[in-house]
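Below is one structure; the comments refer to it alone.
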2 protein chains.
Amino acid sequence: MRQAHHPEAGQITLTGVMAALSDPIRVGLVRVLADGRERGWGELRAPVAKSTLSHHLRVLRDAGLTRTRQEGTRCFVILRRTDLQARFPGLLQAVLAAAEDEDVGHQVGVKDAGWPA
Amino acid sequence: MRQAHHPEAGQITLTGVMAALSDPIRVGLVRVLADGRERGWGELRAPVAKSTLSHHLRVLRDAGLTRTRQEGTRCFVILRRTDLQARFPGLLQAVLAAAEDEDVGHQVGVKDAGWPA
DNA sequence: TTCGATGTTCGTGAAACATCGAACAAGCTA
DNA sequence: TAGCTTGTTCGATGTTTCACGAACATCGAA
């Protein structure tokens with residue numbers, strides 16, 4: 001649970017991003033994060049074991065799509081919109097639109113009502 | 001060498017396209033075809049064995065990125081720009097721009113001077 | 001029909017990937 | 001300190017991918 005590695009914006013590669021987005025679960029995760037809000041790990045819902053979810057989040061992080069922050073024993077994930085837009089203008093938008101259209105990764109979501117009332 | 005299968009425009013999937021574009025050689029092939037011209041198989045140059053090149057072209061075709069046409073014993077490939085634009089507006093453009101910027105698949109090209117003089 | 005050119009398919013390995021459960025590490029809390 | 005929570009890492013397993021050379025199929029030309 002040590003601080004994970006994040007590539008710099010300039011080191012994000014096209015093929016890396018494409019590979020990361022070639023899995024429906026990861027696309028679903030990106031969709032969940034698309035609103036720009038930071039999400040807690042435990043808030044994320046996906047139909048896989050937690051070790052597998054951890055793996056997918058790692059792939060997204062390594063590809064430079066997300067950033068992970070530690071806080072005590074739990075961690076939070078956020079989409080690197082700005083970095084992605086700078087490196088690959090329009091790409092994220094196009095992917096998100098297509099993902100919405102196809103409803104890719106619909107099985108992924110967030111635990112409803114993170115904040116009470 | 002029978003007629004290969006091509007998915008219809010509506011059957012092209014986002015993850016399929018992403019997976020197809022997660023390999024530098026295939027991105028290079030798409031770049032070569034990006035001008036919209038139809039290319040002969042033998043015109044294409046890539047640093048792999050011909051069976052491997054055949055494999056990559058098959059992946060692109062199966063993903064719906066290209067269309068292959070037979071003519072006698074040789075075949076021609078063309079990028080399905082219109083279908084892609086209809087299904088995933090802006091995606092191809094964004095990918096091509098990013099690929100140019102990074103020079104992904106620079107090892108792929110065409111045999112120079114297909115037409116004499 | 002025989003030959004040559006052009007791609008595809010097959011058989012095979014090596015590497016990468018997705019997935020799981022179990023074990024582990026690190027930080028709160030009692 | 002002991003225990004709980006939260007993720008990560010490990011090891012195993014099965015699938016997929018990439019790569020090659022060899023064999024094959026198909027067509028045009030001699």
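Throughout, a chain's letter reflects where its sequence line sits, starting with A, and its residues are numbered from 1.
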Each base of DNA chain D marked ( ) or [ ] if paired in-strand (Watson-Crick or G-U under 3.5 Å), | if paired to another strand and . if unpaired gives ||||||||||||||||||||||||||||||
Check side chain to side chain contact (heavy atoms under 4.5 Å, CB included) between [X] and all other residues, then give those that pass, not counting sequence neighbours.
X        : result
A:Val108 : A:Ile25, A:Leu29, A:Val32, A:Ala46
B:Arg87  : A:Asp101, A:Glu102, B:Ile12
B:Arg45  : B:Lys111

Which letters describe nucleotides 17-23 of chain C, given B = protein heavy atom under 4.0 Å from base, S = only from sugar-phosphate, - = neither?
-SBBBB-
Return a table of donor-acceptor pairs under 3.5 angstrom between the side chains of residues 47-65 of chain B and protein atoms on other chains or two or more places apart.
from    : atom 1 : to      : atom 2 : distance (Å)
B:His56 : ND1    : B:Arg26 : NH1    : 3.0
B:Arg58 : NH1    : B:Asp62 : OD2    : 3.1

Take atom [atom1] of [X] and atom [atom2] of [N], then tell me their distance rounded to the nearest Å.
X        : N      : atom1 : atom2 : answer
A:Leu57  : D:dT6  : CG    : P     : 16 Å
B:Arg61  : C:dT9  : CZ    : C1'   : 12 Å
B:Gln107 : D:dC18 : CD    : P     : 14 Å
B:Arg58  : C:dC10 : CZ    : C1'   : 12 Å
A:Gln70  : D:dT5  : CD    : C1'   : 14 Å
A:Asp62  : C:dA16 : CG    : P     : 14 Å
B:Phe76  : C:dG7  : CZ    : C1'   : 12 Å
A:Arg45  : D:dT6  : CZ    : C1'   : 13 Å

For C:dT8, does either OP1 or OP2 sit under 4.0 Å from a side-chain N or O belonging to B:Trp41?
yes
Counting only side-chain nitrogens and oxygens, does B:Ser54 get under 4.0 Å of the OP1 or OP2 atom of C:dT8?
yes
Would a 4.5 Å heavy-atom cut-off, applied to side chains only, mark B:Phe76 and B:Thr68 as touching?
no
May I have the list of side-chain donor-acceptor pairs in residues 77-85 of chain B shorter than 3.5 Å, sequence neighbours left out?
from    : atom 1 : to      : atom 2 : distance (Å)
B:Arg80 : NE     : B:Asp83 : OD2    : 3.0
B:Arg80 : NH1    : B:Pro7  : O      : 2.8
B:Arg80 : NH2    : B:Pro7  : O      : 3.1
B:Arg80 : NH2    : B:Asp83 : OD2    : 2.9
B:Arg81 : NH1    : B:Ala34 : O      : 2.2
B:Asp83 : OD2    : B:Arg67 : NH2    : 3.2
B:Gln85 : OE1    : B:Gly90 : N      : 3.4

For residues 6-16 of chain B, pull every pair meeting salt bridge (charged side-chain N to carboxylate O under 4.0 Å, His left out), keeping only residues two or more places apart or in separate chains.
none
Considering all heavy atoms, the nearest A:Phe88-A:Leu14 contact:
CZ-N, 3.5 Å
For A:Glu100, give me all partners under side-chain hydrogen bond (donor to acceptor under 3.5 Å, both in side chains), at least two apart in sequence or on another chain.
A:Arg31
